[in-house]
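Report on the structure given below.
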Amino acid sequence: MVEKPQMREVPVREAIGMMLPHDMTQILPGEFKGRLFKKGHVVTEADIEPLLSIGKEHIYVLEMPEGYIHEEEAGIRIAKAVSGQGLTLTPPYEGKVSMKAARTGLAKINEEAVHALNKLEGIAFSTIYGDQIVHPGHTLAATRIIPLIMEESRIIELEQLAKQFDEPIVQVKTFQDKRVGLVTTGGEVFSGRIADKFGPVIRNKVEALGSTVVDQRFAPDDKEAIEQQIHSFLDEGVDLILVTGGMSVDPDDRTPGAIAGVGAEVVRYGTPMLPGSMLMIAYKGEVPILGLPGAVMHETFTSFDVFLPRILAGERIVASDMTRLGYGGLRKC
């Protein structure tokens, strides 16, 4: 059990070196109302006159039991224990320390670790969902302890637990500058009967994350022709190939077969997320090849938007990543 901190009333002139258990507010009528000293502040000789000026002849001070630490120190230590690259920590406020993105990137949160730390009594550690795009100033996590003070041994236990995980529990991964090849299929587009709508959408999404579509090439609904365009990008050493169109079950749609036909290892064709269920992800060596569903043209967020940031952050997608999208994946009814 956490021992209750002791409060003691003392004359303000005798409070030097003692800790304030709560905020001290200063009110200047018509001018200012706010915090003069924050909870946890250790009184110095220079603080005596300001305290007297707000009518504090006597104040309550906190007497810390041996082996305990204050909530602000605890919050700072927890935040440091869980934080990795790309984060800045805020000063503690009412015991809470927040972890904010210092750069644009992909938020990575170890869900298992979050649950493990919150099983420790008196710990509050809250995060956003992982794999989101974040920008500078975006809050990814916040932490504090529940009581005002806590045994230091329990914070040490948390610090040791956090070290058991392979990577930092909260971090921001940077997006890599990748060269992307775009293959657009479909006889109607190849022949010029209709205008291509995929290209502008794909370019905007790729460039927004710091990568470049090096070229867009067109192919009719012909397996060999699509394979040829994929091979051309592989020969040129691009980092990612996106193939648009031809992903449904219609007999004329040949894209899945062409992706498999270049010798790519298919992770999975189809995902339970709606919209974007016809997504295909495969790898030719280290190069991801994605077959994009038609929904990418007209929906603002599809399964493609789930995986593109992860791929551009250097992650390799596995089958379970795709099958897990059913829970919470209904984005359009």
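Just so you know, these numbers come straight off a predicted model, no measurement behind them.
- In this structure, Thr302 contributes its side chain and Gly276 its backbone to no donor-acceptor pair below 3.5 Å.
- Test Leu87, Thr104, Ile128, Thr139 against Val134 for side-chain contact (heavy atoms from CB on, under 4.5 Å) and you get one pass: Ile128.
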- Query: Going through the checks in order, is the side chain to side chain contact (heavy atoms under 4.5 Å, CB included) test met by Phe304 and Val201?
  - Reply: CA-CA 12 Å; Phe304 174 57; Val201 172; over 6 Å; no

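- With Lys108 as the partner, the side-chain hydrogen bond (donor to acceptor under 3.5 Å, both in side chains) test is satisfied by one option alone out of Glu315, Gln85, Gln132, Glu167: Glu315.
- Ion pairing between Glu157 and Arg154 fails under the 4.0 Å rule for side-chain N and carboxylate O.
- Cation-pi geometry between Arg217 and Phe233 is met: under 6.0 angstrom from the ring centre, within 45 degrees of the axis.
- Electrostatic pairing of Lys80 and Glu159 does not count as a salt bridge here, judged by no charged N lying under 4.0 Å from a carboxylate O.
- Distance alone, capped at 3.5 Å, is enough to place a donor-acceptor pair between the Arg103 side chain and the Val172 backbone.
- Of the inter-residue distances, the one linking Ile281 atom CD1 with Thr271 atom OG1 reads 8.0 Å to the nearest 0.5 angstrom.
- Gln176 and Asp239 share no side-chain donor-acceptor pair at under 3.5 Å.
- Ion pairing of Glu236 with Arg179 is absent here, as no side-chain N (NZ or NE/NH1/NH2) approaches a carboxylate O to less than 4.0 Å.
- Salt-bridge annotation for Lys205 and Asp305: present, with a side-chain N of the basic residue lying under 4.0 Å from a carboxylate O of the acidic one.
- A salt bridge does not link Asp321 to Arg268: none of the charged nitrogens lies less than 4.0 Å from a carboxylate oxygen.
- A donor-acceptor pair under 3.5 Å is formed between the side chain of Tyr283 and the backbone N or O of Ile317.
- Considering only heavy atoms from C-beta on, Leu52 comes within 4.5 Å of Val12 through its side chain.
- Between Ser53 atom OG and Leu28 atom CG the span is 8.0 Å, to the nearest 0.5 Å.
- Put simply, CD on Gln171 and CG on Leu140 are 10.0 Å apart, with the number rounded to the nearest 0.5 Å.
- Lys38 and Asp23 are not joined by a salt bridge, as no carboxylate oxygen comes within less than 4.0 angstrom of a charged side-chain nitrogen.
- Inspection of the His115 and Glu111 side chains reveals an N or O donor paired with an N or O acceptor under 3.5 Å.
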